[in-house]
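I have placed the structure first, in the form of structure tokens, so that the comments after it can refer back to it.
Chain A is the first sequence line, chain B the second, and so forth, proteins listed ahead of strands; every chain is numbered from 1.
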Amino acid sequence: MTASSLDSSGLHGLEAFEERIRGALAEVLGVPAEDLALDRPRQAGHGEFALPCFQAAQAAGRKPPELAAELAARLQVPEVEARAVGPFLNFRVEGAALARRVLQDALRPDFGRRRRTRTSIVEFGSPNIAKPMHVGHLRSTVIGAALARILEHLGHRVVRINHLGDWGAQFGKLVAAWRRWGQEDRLEADPIGHLLALYVRFHEEAEENPGLEEQGRQAFQELESGEDNEARRLWQRFTELSLREFQKTFDRLGARFDHVRGESWYEDRLPGVLAWLEGKDLLQQSEGAWIVDLEPEGIQTPCLVKTAHGTTLYATRDLAAALSRWEEFAFDECLYVVGNEQKLHFEQLRAVLRRAGCDWADRIEHVAFGLVRFAEGKLSTRKGRVLLLKEVLDRASELALEIVREKNPGHPDPEGVAEQVGVGAVIFHDLKHQRTKDVVFDWKEVLSFDGDTGPYLQYTHARCCAILRKAGRPVPDFAALRPEILAEDRELLTALGRFPAAVREAGDRREPSILAGHLLRLANAGNAFYRDRRVLGEEPPVEDARLAAIGALRNTLGLGLGLLGVPAPESM
RNA sequence: GCGCCCGUAGCUCAAUCGGAUAGAGCAUCAGACUUCUAAUCUGGCGGUUGGAGGUUCGAGUCCUCCCGGGCGCGCCA
């Protein structure tokens, strides 16, 4: 009988054992298995799972240590040993069974895959046309792309949308600025650079010349008129030029989208949204503008949907986008990977939809992240204080090239790996932090390739590849292995076995750093194994088993890095 | 002024939605390459978890107040 035939759950790695334990506990305690959450003990000696018995003991009128001891004696879980330690009931998977299960699962290309039936929309990236992508866009892009891949791995149908900032009053300003100071040759040479310069100049000069603001407003009105006029042609041109630039950066970051739909994509629907709100009797005029009052939803600030000048606003277009997405995709969840500072906006968005009677309003979820700050203060595009994303990636790539040349002079493709290592370092540095916390940008940290970094994971992966290359043969088939040879290598096995749970948690909590952190622990265990266990040249059954362990490590690291969007070169 | 978020080792961060002795990396000090990549590994140093109360079997985590920082608060996105 193989381990897999014991489980029909389809769960991989340690999740399969966890399921067994919870099932057995549920039966003995007479509670639903869903209510039982197992802890992971901190100390390795306490096994893989634990149940603190305080609550159950209280419910049964017993003392926790007593109950723990009794449960330990009564529970029968195949391949799992239950032991009471004080008030805790600890579970330890038998070494051979652990090795068998983990090797079998961790060698699969779909390790950790789930079969869920959910539709998830992930909106991310979303740079503003005519402005260069800066370090702030890195966060949205990298977190969003990772979440999309993670959710896909869990079986979700994922729709990736790049919600470009390509509409609104700012484009009126840009058109007005172009009419005054625009230069063809400079636009050709460096589109975004020139457009940004125009934008900055507009704001500078508008402080002395208030008439400029009026010209900007008029230009946006021309744009929103729907007519095929000069303003529209300019806007279209700026958009195309910008998109071409963005694509290069998205490619480098490994981010792809199912739909590139800017705010302008919903232009046709804007009148419909306003009419719809009116039909629900939600529209009221206030100080010349049109608003939806949100006091009934407990939000003091009303949602502005139309300016006194008759133009639409961010909220109008986001309402249109939400309604359009609901009609088109009937999503189970719609994730917006957008900075913390827009919290109120998304609360308003949900509140308006709730007031309008959309029962799906709460499927809208703001996946917020902290902003990137410099030690000297906040970034500001208008003030020209920006750190371009391209510059960060370039510098990381250049530094990586120096290091590749130094450490691996014979590498066949130094530029190629350097780009993978440099960009991988930048991506991983971002993803290893909890997404909601602000980050202070520090070149030294971002460009570090030692310790808990992307290159550390890549290096561990590359070492595995080197062993497999030198073995000169494929990883032996699982059926031919004697997994019990690895029974003592628990650190590596449990780290591998926990990968599926890490992916699941990262997806469910919309927190890629959970996966990032787990990969670091896995690489740690992997490097310890590398240090302690010789693979090549051992007697055949041992070499086979260890080769399989290295294969499983390579596969799992490769999968995890892939989900995060960090390249995994085979040598570096 | 009001609201939300955050304060953990010198620095950057963890701590499994309240569980066991608060852990990593960087920096620093001391070690390990004739053996599968030393971008690695081993060990040392480093803590009143911003402060004061409270809740309970148990608090870095929850509640109150204070201090410090960030963000937001109607015609930008």
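- Comment: A:R201 engages A:E205 in a salt bridge, judged by a side-chain N to carboxylate O separation of less than 4.0 angstrom.
- Nucleotide B:C33 is shown with a syn base, its glycosidic torsion being within 90° of 0.
- Among the heavy atoms of the strands lying under 4.0 Å from A:N128 are primed sugar atoms or P, OP1, OP2 only; no base atom is included.
- For the C1' atom pair drawn from B:U64 and B:U55, the interatomic distance equals 11 Å after rounding to whole Å.
- Comparing B:G74 with B:G58, their C1' atoms sit 48 Å apart, to the nearest whole Å.
- Checking the phosphate oxygens (OP1, OP2) of B:A15, a side-chain nitrogen or oxygen of A:Q434 falls inside 4.0 Å.
- What separates CD of A:Q285 from C1' of B:G74 is a distance of 13 Å, to the nearest Å.
- For the OP1/OP2 pair of B:C17 and a distance below 4.0 Å, the side-chain nitrogens and oxygens of A:R509 include at least one atom meeting the criterion.
- The side chain of A:K470 contributes an N or O atom lying less than 4.0 Å from OP1 or OP2 of B:U37.
- To the nearest 0.5 Å, atom CG of residue A:L313 and atom NE2 of residue A:H345 are 10.5 Å apart.
- If you check every strand for non-hydrogen atoms under 4.0 Å, A:T460 touches nothing.
- In this model, the phosphate group of B:A39 is approached by a side-chain N or O of A:Y459 to a distance below 4.0 Å at OP1 or OP2.
- For B:U21, the base has a donor-acceptor partner in the side chain of A:Q43 [N/O atoms by modelled type, under 3.5 angstrom].
- In this structure, A:I291 places its CD1 atom 12 Å from P of B:G74, rounding to the nearest Å.
- Contact annotation for A:R521: no contact, since no heavy-atom pair falls under 4.0 Å across all strands.
- Heavy atoms of A:G168 sit under 4.0 angstrom from primed sugar atoms or phosphate atoms, though from no base atom.
- Stacking between A:H46 and B:A20 is present: the aromatic ring centre lies within less than 5.5 angstrom of the base six-membered ring centre, and the two planes differ by under 30 degrees.
- Distance noted for atom C1' between B:C45 and B:A9: 10 Å (whole Å).
- Relative orientation of the A:Y336 and A:F346 rings is tilted, given thresholds of 30° and 60° on the angle between their planes.
- Listed pair A:R42 / B:A20 meets the phosphate criterion, a side-chain N or O lying under 4.0 Å from OP1 or OP2.
- Annotation: B:U61 and B:G50 have their P atoms spaced 8 Å apart (nearest Å).
- With centroids closer than 5.5 Å and planes inclined by less than 30 degrees as the test, A:F88 and the base of B:A20 pass as a stacked pair.
- Considering only side-chain N and O atoms, A:R463 lies under 4.0 angstrom from the phosphate OP1 or OP2 of B:A38.
- In summary, A:E213 and A:R217 do not engage in a salt bridge, as defined by a charged side-chain N under 4.0 Å from a carboxylate O.
- Nucleotides B:G70 and B:G10 have their P atoms positioned 22 Å apart, rounded to a whole Å.
- Taking side-chain N and O atoms only, A:Y530 has no distance below 4.0 Å to OP1 or OP2 of B:C33.
- As rounded to whole Å, 20 Å separates atom P of B:A32 from atom CG of A:N527.
- Residue A:K437 places at least one side-chain N or O closer than 4.0 Å to OP1 or OP2 of B:G7.
- When the nearest nucleotides of RNA chain B are assigned to A:P41 and A:D452 by heavy-atom distance, the more 5′-ward of the two goes with A:P41.
- As rounded to the nearest Å, B:U21 and B:U16 have P atoms that lie 15 Å from one another.
- Annotation: of the two residues near RNA chain B, A:V421 and A:N90, the 5′-most nearest-nucleotide partner is A:N90.
- Rounding to the nearest 0.5 Å places CZ of A:F171 at 12.0 Å from CD of A:E224.
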